[in-house]
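Below, chain A is the first sequence line, B the second, and so on; all start at residue 1. Quick note: numbers below take in every heavy atom, side chains included, and nothing from hydrogens, waters or symmetry partners.
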Amino acid sequence: MDRNQISKWFKNPGKMANKYSFHVVYFCTGCGIIEIPPSITTRWDAERFGIIPVATPRQANLFLITGYVSTKTLKAIIRTYEQMPEPKYTVAFGSCPINGGMYYDSYNTITSLDKYIPVDGYIAGCMPRPEAIFIGVTHLWKLIDMDKADGYKRYRRDYKFYRANQEQLFKELGWPPLFKDASL
Amino acid sequence: MNEMSILDPVLLIAIPLGLAFLIPLLGLVSKKIVRWIPVVGFLFNGIVALLILPHVLKQPIIVKIGGFVPPFGINLYAGSVGMLLASLIAITGFLVSIYAVKYITKGAEQKYHILFLLLLTGATGVVLTGDIFNLFVFFEILCISSYALVAYLGTRSGLEASIKYLIQGSIGSSFLLIGIGLLYGQFGTLNMADLARQIVDYTEPSVFVSMVFMITGLGIEAAIFPLNAWLPDAHSSAPSSVSAVLSGIAIEVGLYAVIRVLFTIFAVSNFFIFFMVLGVLTVLIGEMSAFAQKNIKRMLAYSSIGQIGLIVFAFSISTQLGVAGGLFQMVSHTLGKALLFLCAGYMIFRTGSMEISSLEGIGKKMPITALCFTIGTFSIVGLPPFTGFASKFMIIRAALANGELLLQILIGLVLVGTIIEGAYFFKIIQTIYFKGAHKTDNREEAPVTALIPMLILVSFIIVIGMFPNIIDKVLQPAASELLDQVKYIGSVLG
Amino acid sequence: MKILSLFISPLLALIIGLLFLGISRKITAKIHWRCGPPVYQPLIDVIRSFSQKSISHGAFFDFGIILSLSSSVVLIYFLPVGDLYAMTSGGLIAFLYLMLLGPFGIALSSAASGNPNSSIGVSRKFLLALAYEVPLLLVLLTVMTHYNTISLVEIVNIQAGTGMAFSSWALVLPGIAYFLILPAVLGVRPFEIVSAPQEISSGPVAEFGGKHLAFYTLQHALQLFVGLALFVNIFLGGGTLFGLLNPIAGTVWATILGIIIFLVKMFIVLVIELFINAVYPRFRIEQAMRYLWKWPTLIAFVGLVIVAILN
Amino acid sequence: MSLELLIMFAFGGAFLTYLAGKISSKLRDIFALLCSVALVVIVSSLYKVETTITLYNGFFGMPLSMRLNPMAWFFAIAIVSSSALVVLYSMSYMKHRERTDYYYFMLLLINAAMLAIVLSGDLVSFFISWEIMSWSTFLLISYNRNAALPAGIKYIVMSLIGSMCMLVGIISIYTAFDTITISEIVQHMATATAGYKLFLLIIFSITFGIKNAVVPLHTWLPDAYAESPSPFSAVLSGMLTRMGIFGFLLIMFVMVGAENSLHMGRGFFSYHNILAWLGAITIVIPTFIAMLQNDAKKLLAWHGIGQGGYMIVGIAFGTSLGLAGGIFHTLNHAIYIILLFLSVGAIEYSTNGLRDLNSLGGLFKKMPIAFLGGLLGICGLIGIPLTNGFVSKWLIYKTLILGKAPFLAFATLLGTWGTILSVYKFLHNLYLGQLPQEHQNIKKTPLAMQIPIVILSLTILVFGILPGLPLKSINAMIVSFGFTPLTVSIWGISSETGTLNMINIFSILLVVVAIFWLIFQAARKSTAVDQYDNYAAGAAIPKDKYNYTVEFYAPFYRMATPYLRDIFDMLYQKIARFTEFACDNIRKIYTGYVSDYIIYIILFLALLISAQLKWSVF
């Protein structure tokens with residue numbers, strides 16, 4: 001750690017800790033999940049960056065959506081995202097969450113994830129290699145440093161927009177709105 | 001002796017007997033009066049008996065009928081035992097006859113009252129007489145009137161029970177008569193004191209045989225196992241007021257006769273171990289049979305067998321304490337069982353069935369009767385602070401006083417019997433109070449004439465149970481009278 | 001010393017506990033042929049958790065976890081770390097009971113969250129506790145009976161004279177038994193049944209996030225510290241170097257040296273435990289119970305019988 | 001205040017309450033409460049008074065007397081105060097039930113009888129009060145009908161067996177020493193042989209063992225506790241069952257005397273050691289059986305048995321430390337088990353009689369006071385430090401460990417760990433977890449039910465933090481038994497072999513909790529969410545189905561259920577069935593045919609005569 005780092009630590013320990021301790025909820029929606037085990041085990045060892053998988057969204061601060069998102073899974077994704085404590089970051093993995101990828105014309109796959117939840121970063125590719133995850137993570141570090149990884153803030157700000165999109169898709173969501181006083 | 005003329009024990013026999021024969025005459029005048037005649041008679045008897053009682057504690061009163069001196073004349077021996085039981089009979093008779101005023105409304109009322117009076121006359125006679133043949137006569141009065149009363153309701157079961165009772169009772173009577181005959185043939189006297197004086201060795205076969213005959217004969221009425229088979233039928237088929245008297249008085253009197261014969265006439269000692277075992281057997285068999293009953297009156301009847309067993313056991317200890325305990329148990333059984341039968345009578349009357357299961361919810365319908373019944377069961381089981389406890393306490397004390405192993409084992413078995421008894425009585429209590437509908441709209445309490453005797457019995461049970469010293473004062477002289485043959489002979493024959 | 005230790009002990013325990021957590025992650029990684037996180041990673045995790053916004057299922061959800069952490073800190077006061085201890089009241093029995101309060105607080109807190117995964121986790125925690133308490137109680141009773149005292153400090157002091165408990169052959173078997181159940185006491189693999197992330201989503205802590213999670217992590221660190229320190233105290237003679245420290249006894253340096261020796265002993269035990277837990281998969285709860293009730297219990301029981309006969 | 005007045009007040013109050021109920025139920029409630037509060041006042045005014053009075057000589061000339069000494073006072077105050085709380089609680093709980101007059105009458109009668117037991121100065125009045133207590137308890141156990149009826153019969157039959165044993169014991173004492181006054185018996189006891197003392201100990205132990213539910217004699221308890229009305233279950237478990245402990249103290253340390261009863265037999269096979277081991281078994285097995293229960297009250301009932309074991313172990317071990325522990329545990333147990341039953345009762349009240357652990361849950365938000373009671377109650381039951389149960393258990397453990405009885409200590413400790421499991425299940429399944437929808441709008445706990453719960457909760461804490469308060473009066477008791485007193489201070493025990501300072505632990509825990517609470521508050525504020533915002537792998541949670549209560553310790557059940565059966569209960573059931581069978585067959589002696597009967601008569605006669613003529617038996 002250089003001096004710069006240490007001063008950053010003292011200035012905003014929460015932000016720094018968030019950077020170096022990504023507790024990840026892997027949302028194993030598609031083929032992308034195949035790339036996750038190598039990344040967290042011996043070969044690439046994500047733990048050296050402080051990245052470890054956790055089991056519940058309550059403990060996580062990074063949400064990794066690995067692959068295409070069907071309508072049915074989207075509901076779970078929204079729920080999981082809403083249950084994560086702030087600050088929280090979303091990274092979509094692979095092409096599918098960006099624009100539907102090879103499922104661009106599927107009747108039950110959504111084409112762009114960020115209509116429903118805010119996405120802080122995309123790791124493009126079909127499939128991206130595990131290395132790409134680490135590149136993505138270092139990018140996310142930079143974004144956090146610059147306060148640009150503000151998905152959760154956008155979600156709070158534009159909650160009505162997201163909720164409207166969600167309800168348009170699902171009609172009945174099964175849980176009450178997360179923010180009651182959100183303005184469009 | 002002007003004072004004594006009112007307090008003449010003869011009156012105890014004469015008044016009910018006279019009233020019994022007066023009833024048909026009075027019945028011509030008014031039917032209502034008839035019902036009250038036994039009440040009046042036994043009220044008088046009760047007062048007289050209780051007035052005499054303190055006198056006899058110190059010195060027994062010997063009434064020489066016709067002025068003939070015993071052993072030549074017939075005499076009444078109003079000792080403490082006799083008067084204790086006579087007052088008990090009078091009081092119970094009084095209470096039961098109050099009960100019967102409203103209870104006995106169907107059938108030949110007059111005859112009921114006559115027989116009732118006769119039954120208790122016989123009972124009083126048995127406990128007061130000093131003459132063995134006289135005892136037989138009174139005994140027959142008692143038995144015959146009870147055969148008739150058992151059949152009073154005229155139902156099929158009543159008649160059947162009555163016939164059974166009659167057959168066994170007659171066998172008993174004949175045995176008794178044979179025994180008395182044998183004795184008379186041998187010793188030429190019928191006076192008990194005189195007999196007692198002459199019988200030196202009861203092991204002599206002729207004496208022994210007559211004793212056995214007498215015991216068997218009396219034992220049938222006393223309901224000692226295995227001679228008690230008539231009892232469940234008879235007691236359960238009779239009207240409840242009669243059952244109360246049969247259970248409360250008749251078998252007690254029978255037992256008294258057995259004890260009197262054993263203690264006073266034959267003065268046996270090594271016979272008692274046999275009786276002890278018999279008593280315990282009676283307890284166990286009575287209680288165990290009662291346990292399986294579904295008919296409340298049969299259950300009470302079997303419980304009477306158990307109680308008789310306990311009394312037999314107590315007497316057979318044949319110590320001052322044991323005999324006193326036995327007498328006390330007699331008293332508490334009379335009070336308790338009479339109470340139970342009286343209560344059961346109206347419960348059955350209201351529900352129209354003798355099945356225990358039909359008593360469900362009766363605690364709501366007839367709260368006071370049910371409460372009295374509960375107290376009666378507690379007393380019979382021997383729970384403090386009721387009489388049953390005090391008497392049982394005394395018996396256990398007597399059993400443990402000697403330190404004999406046999407007695408200790410037997411008392412253990414008796415207590416097992418008590419536990420069984422507790423189990424079935426408590427089941428009935430649960431049925432009465434805690435089964436059936438939660439709410440009943442109509443309270444159908446027993447009439448006042450029934451409640452009064454019940455409540456009086458309850459108060460006796462509680463008062464004697466809490467202050468057993470009251471009755472202990474009578475029990476101790478009574479026990480010593482039974483045990484002290486020499487004194488008996490001396491006081492009669494001078 | 002007592003007043004001082006009131007402040008030092010919990011800090012020391014927290015730091016060492018977190019450090020040990022980090023070290024164990026590092027060593028496990030090394031055994032797995034990985035690089036592993038920096039040793040201060042748990043600290044970062046705690047800070048991150050604190051910085052995050054948590055959710056609360058009511059006052060009781062909060063209270064339970066506070067109680068859990070606080071009672072663990074109180075527990076530290078009872079533990080002699082070298083010469084450093086604040087309380088002796090109640091002795092080892094009170095200590096055993098206070099050890100209960102930590103899991104109990106978490107149990108209350110997590111059950112208040114209304115998550116069945118938490119409930120399952122708690123159920124497993126208590127079952128596991130029952131399973132390892134049987135041998136643990138036997139072991140502790142053996143020690144208490146052997147030294148005829150219920151005071152933890154006295155046990156340590158007696159050992160200070162004789163080296164360590166293992167030098168008394170009667171305590172060898174209990175020591176082995178304790179060592180066998182130590183992973184279960186610490187709640188690490190192969191006894192990681194309680195939190196089992198893959199099965200029941202971290203079990204009791206399924207609903208914990210933010211500061212709740214931070215508190216839980218701290219509590220976990222303290223539990224690790226307590227588990228190791230208890231073993232060191234009871235069987236390895238606490239903060240003494242087998243009776244060799246006597247010359248400088250009484251000075252501050254002796255105390256500091258004692259603490260260091262104590263920590264070194266703890267570290268050695270930890271590393272040995274890590275070799276076990278890094279290579280084993282997780283037991284199922286029945287397997288764990290069967291194992292704990294079989295060999296460790298048997299050994300501990302034999303130990304207790306021996307000690308009971310000797311006395 | 002004299003003792004006659006006290007006892008007349010107790011019994012008379014019961015009767016008058018019943019009569020008052022005939023006038024108006026409100027009057028009765030107030031009267032019952034006044035009576036029980038007045039009893040508390042009277043008994044507490046008798047603190048440190050030692051008197052003996054003779055009631056009357058009416059019972060066969062035996063003087064029935066009453067005496068007040070530290071032991072009697074200790075139990076008396078516990079009885080009357082628990083009774084007052086329970087009466088207060090009943091005012092709301094029993095409001096809409098049938099036969100409330102009867103209920104109050106029996107409740108007060110039982111309390112009067114218990115009071116009479118502890119105050120009785122001789123064995124006969126002891127027995128009379130004991131029996132009044134037994135049958136009135138039977139009447140109240142049966143109160144709930146249906147399942148309560150067999151429970152009542154079971155209770156009364158076992159109780160009768162016990163009473164009969166005691167009666168035999170009492171009468172044998174009377175026969176041997178010619179006195180029933182306890183103080184005189186004590187003097188005569190010196191002359192008795194060791195065998196006789198052992199006989200007394202055993203025969204009384206059966207009685208008191210049945211009442212205190214020591215393991216082979218415990219089978220009446222679970223049903224009786226579970227089926228009685230909850231406030232009465234509280235009395236039953238809190239004080240009534242512990243009359244057995246009073247009895248054990250009376251026979252072991254007063255009548256036979258400590259120096260005799262603790263040296264009866266040799267080595268392992270000595271009376272007190274076997275009793276202690278029975279106590280240990282009583283702790284372990286019922287506590288584990290409790291884990292299998294799905295009925296809240298039955299679970300508590302099994303714990304009632306188990307906790308009784310601690311008291312037995314404590315007093316049977318017979319050192320002043322253990323004795324103090326056992327007696328103190330009696331008091332503590334009374335406090336927390338009453339609290340727990342009242343807490344369950346509050347749930348029963350609110351949910352119309354539900355106490356099934358599988359169908360409740362999440363009630364802590366709806367019934368905070370009852371939950372508080374439940375929580376502190378189970379903490380006391382486990383013996384979590386700072387609750388009263390800890391101190392007494394600590395005393396017992398310490399006695400056992402320092403008394404070189406590690407295996408007994410192991411049994412007691414193991415019992416505690418079993419306790420944790422089952423009571424946590426109790427708390428979790430009733431109060432924690434998800435609240436079912438049907439209980440979203442349950443009845444509120446009335447004030448009259450909350451007050452006793454709060455008072456008892458506070459008592460648990462106060463006695464846990466300042467155990468010296470009750471220990472002082474316990475000290476007086478054990479001194480009267482001839483033991484050396486403990487060095488008790490207000491906060492605990494100070495002795496040469498390890499001190500216990502609860503206020504120390506309390507203050508440190510308080511400070512630490514305060515610090516962490518501040519830290520907790522200083523960190524980012526958390527969002528309050530409801531129970532439906534819960535992790536369910538991303539799904540919206542299925543209402544009413546998202547709860548883990550059934551088979552809470554499933555793996556353990558699978559392992560242990562075959563071994564955790566109440567074999568004694570089965571044995572007794574078998575005996576009872578056999579007895580019934582025997583009774584049914586004995587009855588058949590009376591065949592109903594006169595010919596048979598006549599044969600009986602003739603046989604009887606023939607047997608007698610031939611036996612005499614042939615062998616001259618008589």
Pairwise side-chain contact, Pro174(C) with Leu171(C), heavy-atom cut-off 4.5 Å (strictly under):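 They are in side-chain contact.
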Within-4.5 Å side-chain heavy-atom neighbours: Asn429(D) and Leu360(D): no
Option that, when pairs with chain C are counted at under 4.5 Å, heavy atom only, ranks first among [options]:
options	answer
Ile541(D), Thr416(D), Leu386(D), Leu400(D)	Thr416(D)
Ala514(D), Ala523(D), Ala409(D), Pro406(D)	Pro406(D)
Lys393(D), Gln531(D), Met291(D)	Lys393(D)
Leu375(D), Ile382(D), Ile508(D), Leu427(D)	Ile508(D)

Under 4.5 Å from any heavy atom of chain C - which part of [X]:
X	result
Ile378(D)	side chain
Leu509(D)	both
Lys425(D)	neither
Gln434(D)	both
Tyr424(D)	side chain
Phe390(D)	side chain
Leu435(D)	neither
Asn547(D)	backbone

How far does [atom1] of [X] sit from [atom2] of [Y], to the nearest 0.5 angstrom?
X	Y	atom1	atom2	result
Phe364(D)	His57(C)	CZ	NE2	9.0 Å
Ile396(D)	Tyr310(D)	CD1	OH	8.0 Å
Leu127(C)	Met289(C)	CG	CE	5.0 Å
Thr142(C)	Phe301(C)	OG1	CZ	10.0 Å
Gln219(C)	Leu14(C)	CD	CG	10.5 Å
Leu510(D)	Ser70(C)	CG	OG	10.0 Å

Can you say whether [X] sits under 4.5 Å from chain D via the side chain, the backbone, both, or neither, judging by heavy atoms?
X	answer
Phe63(C)	neither
Val305(C)	both
Ile55(C)	both
Leu98(C)	both
Phe61(C)	neither
Leu108(C)	both
Leu96(C)	both

Winner by heavy-atom pair count (cut-off under 4.5 Å) against chain D, out of [options]:
options	value
Gln52(C), Met144(C), His212(C)	His212(C)
Leu101(C), Val134(C), Thr149(C)	Val134(C)
Thr145(C), Leu137(C), Asp62(C)	Leu137(C)
Phe60(C), Phe50(C), Tyr77(C)	Phe60(C)
Ala214(C), Ser54(C), Pro10(C)	Ser54(C)
Ile285(C), Leu100(C), Val307(C)	Leu100(C)

Ring center gap for Phe426(D) and Tyr431(D) short of 6.0 angstrom: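 When the ring centroids of Phe426(D) and Tyr431(D) are compared, they turn out to be at least 6.0 Å apart.
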Aromatic ring proximity Phe191(C)/Tyr132(C), centre distance under 6.0 Å: no
Lys404(D) NZ: over 12 foreign heavy atoms closer than 6.0 Å: yes
Trp293(C) atom CH2, over 12 foreign heavy atoms within 6.0 Å: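 More than 12 heavy atoms, drawn from other residues, nucleotides or ligands, come within 6.0 Å of this atom.
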Flag for Ser49(C)-Tyr216(C): side-chain donor and acceptor within less than 3.5 Å: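 On atom types as modelled, these side chains do not qualify, holding no pair under 3.5 Å.
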Short side-chain donor-acceptor distance under 3.5 Å, Tyr535(D) and Ser118(C):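 No, no side-chain donor-acceptor contact under 3.5 Å.
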Plane angle bin for Phe215(C) and Phe520(D) - parallel if under 30°, tilted between 30 and 60°, otherwise perpendicular: perpendicular
